[in-house]
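Below, read A as the first sequence line, B as the second, and so on, with proteins coming before strands; counting in each chain starts at 1.
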Amino acid sequence: MDSHFDPQAIERPLYAEWEARGWFAPADAAAPYCIAIPPPNVTGRLHSGHGFQQTLMDALIRYHRMSGRGALWQMGTDHAAIATQMLVERQLATEGKRPEDIGRDAFVARVWEWYERHGGEISEQLRRMGSSVDWGRDRFTMDEGFQAAVREVFVRLFDDGLIYKKKRLVNWDPVLGTAVSDLEVESEEEDGHLWHIRYPLLDGARTAAGADFVVVATTRPETLLGDTGVAVHPDDERYQHLIGAQARLPLVGRTLPIVADAHVDPEFGTGCLKITPAHDFNDYEVGQRHGLAVLNVFHADATINDDAPEAYRGLDRFAARKAVVADLEELGLLESVEPHRHAIPRGDRSNAVLEPWLTDQWWVDIAPLAAPAIAAVEDGRIRFVPKQFENVYFAWMRDVRDWCISRQQWSGHRIPAWYDPEGRAHVGRDEAEARRRAGLDPEVPLTQDPDVLDTWFSSALWTFATLGWPERTPDLARFHPTDVLVTGYDIIFFWVARMIMMTLRFMDEVPFRTVYIHGLVRDADGVKMSKTRGNGLDPLDIVDGIGLPELVAKRVADLPQRQMAEHIEATTRRDYPDGISAYGADALRFTYCALASPGRDVNFDLSRVEGYRNFCNKLWNATKFVLMNLGETGPSDAPARLGLPDRWIRSRARQMLEAVTRAVDTYRFDLYANAVYEFAWHEYCDWYLELTKPVLWDEGTNPAGARGARRTLLEVLDILLRAAHPIMPYITETLWREQAAAAGGAGESVMLAPFPQPGDLDDDPEADAAIEWLKAVVVGVRTMRSELGVPPRTTVPLLLQGGGEVDRLRLDATETLLRRLAGVETIDWLEAGTDAPPASVHVVGDLTVLVPLKGLIDVEQERARLSKEVDKSGRDLNRVRGKLANEKFVTRAPEQIVAAERGKEADLAGKLAALRAQLERLEAL
RNA sequence: GGGUGUUUAGCUCAGUUGGGAGAGCGACGGCCCUACAAGCCGUAGGUCGCAGGUUCAAGCCCUGCAACACCCACCA
């Protein structure tokens, strides 16, 4: 074996082998366990969030596969309709073309080309992370089966009256030229203005203050062109006499009725509200209540249409705003302008300011779907981990509004509706069915609805459509409901909620029993990773490494804003002066697991990866140590005897496995990783390997003991590697095969080996206590040596004082080990009544451990150290005595707590006495 | 406006039923000792956000406050 762990050398060949041998497919005749992957965009690239999420899923899948389940990790990708539309449009733009220049069919062909050209990238990246997805069952949300599923769902929902077409206000993206759903609106506070505009009153009406106009306030003066009313609060004394009066709309001249509506807040602005039903959601409601006209003044691209005065026609909305304001000012109708901070709705894809716009769209009537979906979580058929996300889910679901599912784009699932010459819509699984259902003659021409469906409509069918629905496939019967969904809180509404609704509707069962919600990956400073900030880390750059020039080039490529490039380059050069090393997939995966604390975002820090890469190296070298110490014959059937260290490490391994299984059961990937790390490094390596050395190197006097140590070294290493495999598959596979070969055991792969169980090993309290005693003495001696400046290779004499029978027995059992680990030359007991020589002292329970100074030591320094120890012990003792002096404590606290405190008191008193005695001795020198 | 989360060592974070504050990284000192310098040994560092309360006992339970982050709703 090489002296260093080199992930580059082992990872790719292993993955290729696993895949080629079909080991990712679920075992037959085993209890099923299934996770459906949240489908990455087919043309996307792997980012940190993916890496994180897939690591957690792969850990679960590998764990359950090893635990004997028929584990299926269902693979698939998403067609990402809007994202792809934008990419292909951008590609066309470089050729100087617009989509309409080439037509729908050619455009759709381009989209498919795009899928085919880029579709493989994400799969390769998943492989590089070690993800054990079942490639044989790979699906795509636009594949034939999915198209059938989508049409089936659409038709059935339509037939049940849960899909309908209706003209109403929607969130309109004027840049993309499509409606979007409520969820795709991102509102951010931005600095704007509040314009106060005078609307002249008609027929001699006056305000209470005597003015012949009312003043309305608006943040969007251009919408004035579509005003059809003015509203005041019904109880507003200032305006009550104007209710029913009329005002004249400036610039347009239209007559506006003044209506009373409780929606108006008398405290805001002047208490007068202009009503633009076609361009504001609240105004629309007000308009409906009062029968106001709905006058649309925008084209689809938010330029002013022909229903506005000629002067503004064709102007972009922002140009129109300027013109309107200027004209109002000219006319003396602009009373004032004040700065005003308010929320601006923007499209999550285009970042364009959205407009409420009146259009015909397809909708899902959501309430009948939401009710059973709420119930499924309420009654525990689905549970969220962490639990608090159930409240997030409930809050949204209980107030959810109808879902706008049609998009005015070309990329995506086309809506299965056809129009006859009279414009009536006929829904069907295909045109023939639509015609048949409508009883239309073959010669009646039909045209299909031009719109496509919201991408999330097909995603909502993910768990069951991937398994074959609407066919009743064996996979569907076996693996649905899936066991757990692993996803981020950012798509609970987009995806999780909709999957639950659709699955309950069409499968009559839940899509998954558990929803594990993980945090989002941020950079080391807690800032969200994003392309524009240039602070993102590509997981594969951490796995395979990347040079600084390449990293800089990658981060500044395709930046929306050129001026950011300079800044990003500077920070990149500062943060990664040498680029990024190839840490390997195992180290990265271990990091993701270790950082996966529930309900928290992950602040991703490369230094953690480095630490866990070092951990990989530690495992590597530990295995090397074990293999090189197997001796000539390796393990044999000759009698073996387990020594205390062997019994201890087995007992500790059992406790590690208890922690691990508990952690996996509760989705505590962080505790899982920590338990493995702690055991492997600080127990197996730091102590156990060291404890075996005296035994192995003194084989002649104790061959059975050496055999016991060898056997234990191998067995515990085997357990450790199996326990760690779900987190770090590559290195564990490599080392496990070495180990298995040396042990002469069977088994081709650690990923097919059984996951170790606590019951495989025995608890051994006696060995635990003995080795803990030994460790305490060794650490005590080491501390004294270090503080006294004794060179590592110099052995020291050791004196033991006090202590009981147990201490003597333990010394007898571990003396050889103690000598080696503490660098001790001689060990002598001081008889009772004998004065101790001047010495450095350390107390372990009743036992006092002394390293005589013999004049070659800095007495002053030791005195200072002892004083500190005396002070600390004195403080501890005082605290314990204070507690015990408290009558309430003694009478009310549980007996065992009180007894423990009394024990502590005795220990501390003894320790203090021993320390003081030694301190006095030193001071007498 | 409503809601959720966070606040523990210089940094990033654990702390599972309330019973003597932990890890990793970083810092400091000493070591190339026959698995590992990607290592070994040791040391320092915290009034657990603030103020109350419950309790014999609070990092943990309750109340209030503050700061930060996020979600939902949007008074134009």
Side-chain angles (χ1 to χ4, degrees), chain A residues 1 3-5 187 189 194-195 216-220 223 231 263-270 272-276 280-283 340 342-343 345 386 388-389 391-392 395-396 399 489-490 492-493 519-520 522 524-526 528 581 583 587 594-595 597 599-605 607-608 610-629 659 662-663 666 668 670-671 674 677-678 682 685-686 689-690 693 697 779 782-787 789-793 823 876 879-880 883 886-894 896-898 900-901 904 908:
Chain A
M1 288 177 70
S3 74
H4 276 69
F5 159 64
S187 286
E189 293 253 306
L194 194 57
W195 284 270
V216 300
T218 182
T219 53
R220 304 173 57 210
T223 62
H263 162 69
V264 181
D265 177 4
E267 304 295 319
F268 188 90
T270 60
C272 274
L273 179 61
K274 66 191 267 308
I275 302 296
T276 321
D280 182 283
F281 289 103
N282 287 313
D283 290 7
H340 184 67
H342 61 127
Q388 75 246 21
F389 288 105
N391 292 328
V392 177
W396 187 74
D399 198 29
Y489 55 75
D490 53 333
I492 290 176
F493 308 144
L520 306 185
R522 300 171 179 279
D525 302 316
K528 202 168 176 175
S581 314
Y583 292 108
L595 294 176
S597 299
R600 277 190 97 106
D601 284 346
V602 171
N603 292 347
F604 190 85
D605 190 343
S607 69
R608 294 292 290 259
E610 186 174 353
Y612 293 127
R613 188 273 317 264
N614 294 352
F615 176 60
C616 292
N617 193 46
K618 193 73 178 173
L619 286 180
W620 186 269
N621 280 293
T623 303
K624 196 168 77 177
F625 172 86
V626 172
L627 297 182
M628 72 199 304
N629 280 290
R662 188 167 55 239
T666 52
R668 289 300 305 268
D670 56 336
L671 299 184
N674 284 340
Y677 183 96
E678 184 67 22
H682 296 306
C685 290
D686 283 354
L689 295 192
E690 296 304 320
K693 287 176 183 177
W697 295 349
V779 168
R782 280 178 182 166
T783 303
M784 291 187 281
R785 294 177 53 115
S786 179
E787 297 276 321
V790 179
R793 312 205 58 160
D876 289 349
R879 197 179 53 233
V880 171
K883 229 175 188 180
N886 182 344
E887 199 187 324
K888 285 180 176 172
F889 172 73
V890 179
T891 55
R892 296 196 195 178
Q896 47 187 1
I897 298 290
V898 177
E901 288 297 315
K904 267 186 234 167
L908 283 167

_Secondary-structure string, 5' to 3', Watson-Crick or G-U under 3.5 Å, | for another-strand partners, for RNA chain B_ = (((((((..((((.....[..)))).(((((.......))))).....(((((..]....))))))))))))....
*asked:* Please report the interatomic distance NZ(A:Lys624) to CG(A:Asn617), rounded to the nearest 0.5 Å.
replied: 8.5 Å
_Once side-chain contact (heavy atoms from CB on, under 4.5 Å) is applied, do any residues pair with A:Glu901, and if so which ones, sequence neighbours excluded?_
A:Val880, A:Lys883, A:Leu884, A:Phe889, A:Lys904
*When the P atoms of B:rG18 and B:rG59 are considered, how many whole Å apart are they?*
13 Å
*How long is the gap from CD1 on A:Ile275 to NE2 on A:His263, to the nearest 0.5 Å?*
6.5 Å
*CZ of A:Arg668 to CG of A:Asn674: how many Å apart, nearest 0.5 Å?*
9.0 Å
*A:Arg793 CZ to B:rC40 C1', straight-line distance once rounded to whole Å*: 13 Å
*OP1, OP2 of B:rG15 versus side-chain N and O of A:Arg668: anything below 4.0 Å?*
yes
*Aromatic ring centroids of A:Tyr612 and A:Tyr677 under 6.0 Å?*
yes
*With sequence neighbours left out, write down each residue that passes salt bridge (Lys or Arg N to Asp or Glu O under 4.0 Å) with A:Glu189, or none if nothing qualifies.*
A:Arg341
*Could you pull out the closest heavy-atom pair between A:Val264 and A:Ala231, with the gap in Å?*
CG2-CB, 3.7 Å
_Protein-to-nucleotide contact annotation, 5' to 3' order, nucleotides 3-10 of chain B [B base; S sugar-phosphate only; - none; under 4.0 Å, heavy atom]_ = --SSS---
*Looking across every strand, which nucleic acid part, if any, lies under 4.0 Å from A:Phe5 by heavy atom: base, sugar-phosphate, or nothing?*
base
*How long is the line joining NZ of A:Lys693 and P of B:rC33, in whole Å?*
12 Å
*asked:* According to side-chain contact (heavy atoms from CB on, under 4.5 Å), who are the partners of A:Asp876, at least two apart in sequence or on a separate chain?
replied: A:Lys872, A:Arg879, A:Leu908
*Stepwise side-chain contact (heavy atoms from CB on, under 4.5 Å) test for A:Glu610 and A:Tyr583*: CA-CA 7 Å; A:Glu610 186 174 353; A:Tyr583 292 108; 3.9 Å; yes
*Taking only the side-chain heavy atoms of A:Lys618 (C-beta and beyond), determine which of B:rG39, B:rC70, B:rC25 contains the nearest atom.*
B:rG39
*For atom C1', what is the distance between B:rA9 and B:rU47, given to the nearest Å?*
14 Å
*asked:* Output the rounded distance in Å from CD (A:Glu678) to P (B:rA23).
replied: 8 Å
*Mind calculating the distance between CZ (A:Phe604) and C1' (B:rC13) to the nearest angstrom?*
15 Å
_Results of side-chain contact (heavy atoms from CB on, under 4.5 Å) for A:Asp265 - residues two or more places apart only_ = A:Glu267, A:Phe268
_What's A:Arg608 touching, base or sugar-phosphate or nothing? Going by heavy atoms closer than 4.0 Å._
base
*Counting side-chain heavy atoms from CB outward, which of B:rA38, B:rG24, B:rC36 is closest to A:Tyr677?*
B:rG24
*Take the protein atom CE of A:Met628 and the nucleotide atom P of B:rA35, then report the distance between them rounded to whole Å.*
6 Å
Identify all pairs in which a protein N or O lies below 3.5 Å from an N or O of nucleotides 41-46 of chain B, and state each distance.
from   : atom 1 : to       : atom 2 : distance (Å)
B:rG42 : O2'    : A:Ser786 : OG     : 3.3

Just the table, please: protein N/O against nucleotides 16-19 of chain B N/O, every pair under 3.5 Å.
none

*Check the pair A:Leu520 / A:Asp490 against side-chain contact (heavy atoms from CB on, under 4.5 Å), numbers first and verdict last.*
CA-CA 8 Å; A:Leu520 306 185; A:Asp490 53 333; 3.8 Å; yes
*Name the residue closer to the 5' end of RNA chain B, choosing between A:Ala594 and A:Pro792 according to the nucleotide with the nearest heavy atom.*
A:Ala594
_For the P atoms, the ones on B:rG5 and on B:rC11, what distance do you get once it is rounded to whole angstrom?_
25 Å
_Can you check the distance between B:rG42 and B:rC33, where both ends of the measurement are the C1' atom (answer in whole Å)?_
15 Å
*What interatomic distance, in whole Å, is found between C1' of B:rA27 and the corresponding atom of B:rC70?*
34 Å
*Could you work out the separation of B:rU12 and B:rA58 based on their P atoms and round it to a whole Å?*
29 Å
*Contacts of type side chain to side chain donor-acceptor pair (under 3.5 Å), residue A:Asp686, not counting sequence neighbours*: A:His682
*Over how many whole Å does the gap from A:Asp490 atom CG to B:rC72 atom C1' extend?*
15 Å
*Sequence neighbours excluded, which residues qualify as ring pair (Phe, Tyr, Trp, His ring centres under 6.0 Å) partners of A:Phe625?*
none
_A:Ser607 vs A:Val626, nearer the 5' end of RNA chain B by closest nucleotide_ = A:Ser607
*What's the verdict on side-chain contact (heavy atoms from CB on, under 4.5 Å) for A:Ile492 and A:Phe389, showing C-alpha distance, side-chain angles and the deciding distance?*
CA-CA 9 Å; A:Ile492 290 176; A:Phe389 288 105; 3.8 Å; yes
*asked:* Classify A:Asn617 by what it touches in the nucleic acid, base, sugar-phosphate, or nothing, heavy-atom distance under 4.0 Å.
replied: base
*Taking atom CG of A:Leu194 and atom OG1 of A:Thr218, what is their separation to the nearest 0.5 Å?*
7.5 Å
*Could you tell me the separation between the CG atom of A:Asp283 and the CG atom of A:Leu273, rounded to the nearest 0.5 Å?*
5.5 Å
*Counting any heavy atom closer than 4.0 Å, what does A:Leu908 reach on the DNA or RNA strands: base, sugar-phosphate only, or nothing?*
base
*Using atom CG of A:Leu619 as one end and atom C1' of B:rA38 as the other, report the distance to the nearest whole Å.*
13 Å
Kindly give the atom pairs (protein nitrogen or oxygen, nucleotide nitrogen or oxygen) under 3.5 Å for nucleotides 73-76 of chain B.
from   : atom 1 : to       : atom 2 : distance (Å)
B:rC75 : OP2    : A:Asn282 : OD1    : 3.3
B:rC75 : OP2    : A:Asn282 : ND2    : 2.2
B:rC75 : O2     : A:Asp265 : OD2    : 2.6
B:rC75 : N3     : A:Asp265 : OD2    : 3.1
B:rA76 : O3'    : A:Thr219 : OG1    : 3.0
B:rA76 : N6     : A:Asp265 : O      : 2.9
B:rA76 : N6     : A:Phe268 : O      : 2.8
B:rA76 : N1     : A:Asp265 : N      : 3.3

*Find the distance between CG (A:Asn282) and OG1 (A:Thr276) and round it off to the nearest 0.5 Å.*
11.0 Å
_Interatomic distance at C1', B:rG1 relative to B:rC74, whole Å_ = 9 Å
*Whole-angstrom distance between B:rG30 and B:rA67, as gauged at atom C1'*: 43 Å
*Among all residues two or more places apart in sequence or in another chain, which pass the salt bridge (Lys or Arg N to Asp or Glu O under 4.0 Å) test with A:Glu690?*
A:Lys693, A:Arg820
*Within this structure, what is the CG-to-C1' distance between A:Asn614 and B:rC25, rounded to whole angstrom?*
11 Å
